[in-house]
Participant: 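Please see the structure below; I have some questions.
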Number of protein chains: 2
Amino acid sequence: MEDSPEQRLSRSFAALSDPVRRDIVARLTIGDATVSDLAAPYDISLQAVSKHLKVLEEAGLVSRRREAQRRPVHLESQALAEMTGWIERHQRRAEQRMARLEEVLADLPSSDTTGTSDTHGAGQ
Amino acid sequence: MEDSPEQRLSRSFAALSDPVRRDIVARLTIGDATVSDLAAPYDISLQAVSKHLKVLEEAGLVSRRREAQRRPVHLESQALAEMTGWIERHQRRAEQRMARLEEVLADLPSSDTTGTSDTHGAGQ
DNA sequence: CTTGTATTCAACCAATCGGTTGAATAAGGA
DNA sequence: TCCTTATTCAACCGATTGGTTGAATACAAG
């Protein structure tokens with residue numbers, strides 16, 4: 001029972017939808033850190049932070065190794081890359097479409113250039 | 001009571017954590033569409049899709065205009081840009097750090113290049 | 001072996017989520 | 001006016017989420 005790319009993407013986005021987890025990711029860009037290191041800035045329990053890390057790990061955004069009784073957390077930037085991959089792909093499509101649209105509008109007779117109106121004709 | 005950038009980011013990521021909503025965004029890169037257009041491919045009720053669109057709208061990822069009794073939905077690619085902004089910023093930091101680390105490792109005497117070990121010395 | 005430290009597991013709770021169905025609203029057309 | 005089409009609102013429901021506290025596990029060090 002392994003993970004479809006769809007599911008991993010869902011988990012990654014869900015993981016970064018929490019400000020504490022985004023904050024943790026930001027912190028990890030500076031360097032690996034233990035659970036207690038990461039928990040220090042927050043008012044929540046260590047267990048809560050541990051849960052957040054589990055969520056990040058299951059999304060593939062971080063990995064953990066063992067080092068004595070500590071469990072240093074490491075950011076997996078490749079998982080971030082997959083997310084930007086998805087977003088940019090769609091962003092690009094949307095922007096290309098808008099560019100084509102504006103080109104067409106520029107060629108038209110005249111009247112108002114107002115309103116972000118659109119073809120929107122079916123498709124599907 | 002307006003929206004901090006932090007909150008909008010949370011909402012955007014949460015919005016894209018659902019496969020149906022990602023799918024809708026993908027569909028909208030082709031062109032604006034009505035609620036029923038968007039609902040057609042799915043087995044869920046029209047109301048459920050309407051809710052999904054509300055989530056996307058509150059995240060700033062789509063906007064809606066009125067056109068007779070229809071409410072065509074339009075993708076706001078700029079909101080996607082904000083997301084990639086956040087991710088890439090952190091991705092870049094992480095990768096730069098790794099690059100510096102590898103540089104240092106290359107200069108070291110010898111022994112194992114194994115294990116993604118790390119400085120991880122405090123920080124905070 | 002006992003103690004201390006770092007972390008996770010387990011059970012619980014309130015809030016949110018994704019879905020449902022049924023009723024309400026908005027607008028065009030007979 | 002009445003009917004149809006498009007969409008939203010409202011109430012409800014089970015599952016998931018982010019937090020809690022208390023007990024368990026994994027190691028290191030006396």
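Chain letters run A, B, ... following the sequence lines, proteins first and then strands; every chain starts at 1. FYI, side chains are in, hydrogens and waters are out, and symmetry mates aren't considered; it's all heavy atoms of this structure.
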Participant: Return the nearest nucleotide to the side chain of A:Arg70; candidates are C:dT7, C:dG19, D:dG18.
Facilitator: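 Nearest to the side-chain atoms of A:Arg70, counting from C-beta on, is C:dT7.
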Participant: Whole angstroms only, please: what is the CG-P distance between A:Asp37 and C:dT5?
Facilitator: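 Answer to the nearest Å: 16 Å.
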Participant: Measuring from the side chain of A:Lys54 (C-beta onward, heavy atoms only), which nucleotide among C:dC9, D:dT7, C:dA26 has the closest atom?
Facilitator: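 Between C:dC9, D:dT7, C:dA26, the one nearest the side chain of A:Lys54 would be C:dC9.
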Participant: Less than 4.5 Å apart, side chain to side chain, heavy atoms only: is that true for A:Leu16 and A:Leu61?
Facilitator: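 In contact.
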Participant: Between the base of C:dG18 and the side chain of B:Gln47, is one N or O donor paired with an acceptor at under 3.5 angstrom?
Facilitator: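 Side chain to base: no pair below 3.5 Å.
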Participant: Nearest to the side chain of A:Lys51, which nucleotide is it out of D:dC27, D:dG19, C:dG19?
Facilitator: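 Of the candidates, D:dG19 comes closest.
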Participant: Would you kindly give the CG-to-C1' distance between B:Leu46 and C:dA26, to the nearest whole Å?
Facilitator: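 Going from CG in B:Leu46 over to C1' in C:dA26 covers 15 Å.
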Participant: Are a donor atom and an acceptor atom from the side chains of A:Ser10 and B:Arg22 found within less than 3.5 Å of each other?
Facilitator: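 Yes, a side-chain donor-acceptor pair sits under 3.5 Å.
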Participant: Can you tell me how far P of D:dT16 sits from CD of A:Glu58, to the nearest Å?
Facilitator: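 For the pair A:Glu58 CD and D:dT16 P, the rounded distance is 13 Å.
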Participant: Whole-Å distance between D:dA26 P and A:Glu67 CD?
Facilitator: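 Distance, rounded to whole Å: 18 Å.
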Participant: On the nucleotide C:dT7, are OP1 or OP2 found under 4.0 Å from the side-chain N or O atoms that A:Ser50 carries?
Facilitator: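 So the side-chain polar atoms of A:Ser50 never come under 4.0 Å of the phosphate oxygens OP1 or OP2 of C:dT7.
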Participant: Checking contacts here: which listed nucleotide (D:dA6, D:dG18, D:dA26) is nearest the side-chain heavy atoms of B:Gln69?
Facilitator: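 For the B:Gln69 side chain, the nearest candidate turns out to be D:dA6.
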Participant: Consider the side chain of A:Arg66, meaning its heavy atoms from C-beta on, and name the nucleotide among D:dT20, C:dT20, D:dC27 that approaches it most closely.
Facilitator: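 Nearest nucleotide to the side chain: D:dC27.
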Participant: Could you state the CG-P distance from B:Asp18 to D:dT16, rounded to the nearest angstrom?
Facilitator: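 The answer, rounded to whole Å, is 14 Å.
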Participant: Strictly by modelled atom types, are B:Ser63 and B:Glu76 linked by a side-chain donor-acceptor pair under 3.5 Å?
Facilitator: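 The answer is yes; a qualifying pair exists.
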Participant: Rounded to whole Å, please give me the gap between CZ in A:Phe13 and C1' in C:dC17.
Facilitator: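 One finds 18 Å between C1' of C:dC17 and CZ of A:Phe13, rounded.
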Participant: Do the side chain of B:Arg21 and the main chain of B:Ala14 share a donor and acceptor less than 3.5 angstrom apart?
Facilitator: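 Checked: pair present.
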Participant: From the list C:dT20, D:dA26, C:dG19, which nucleotide is the closest neighbour of the side chain of B:His52?
Facilitator: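 Of C:dT20, D:dA26, C:dG19, C:dG19 is nearest to the side chain of B:His52.
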Participant: Please confirm whether the shortest side-chain N or O distance from B:Ser45 to OP1 or OP2 of C:dT20 is below 4.0 Å.
Facilitator: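 Looking at the OP1 and OP2 atoms of C:dT20, one of them is under 4.0 Å from a side-chain N or O of B:Ser45.
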Participant: Could you state the interatomic distance from OG (B:Ser50) to CD (B:Glu57), rounded to the nearest 0.5 Å?
Facilitator: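 Those atoms lie 9.5 Å apart.
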Participant: With nearest nucleotide decided by heavy atoms, which residue, B:Val35 or A:Asp43, maps closer to the 5′ end of DNA chain D?
Facilitator: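 Closest to the 5' end, via its nearest nucleotide, is B:Val35.
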Participant: Between C:dT8 atom C1' and A:Leu38 atom CG, what is the distance in whole Å?
Facilitator: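 Going from CG in A:Leu38 over to C1' in C:dT8 covers 15 Å.
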Participant: Between B:Arg71 and C:dA26, does any side-chain N or O lie under 4.0 Å from OP1 or OP2?
Facilitator: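 Checking B:Arg71 against C:dA26: no side-chain N or O falls below 4.0 Å of OP1 or OP2.
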Participant: Measure the distance from CG on A:Leu56 to P on D:dG18 and round it to the nearest whole Å.
Facilitator: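 Taking atom P of D:dG18 as the reference, CG of A:Leu56 is at 10 Å.
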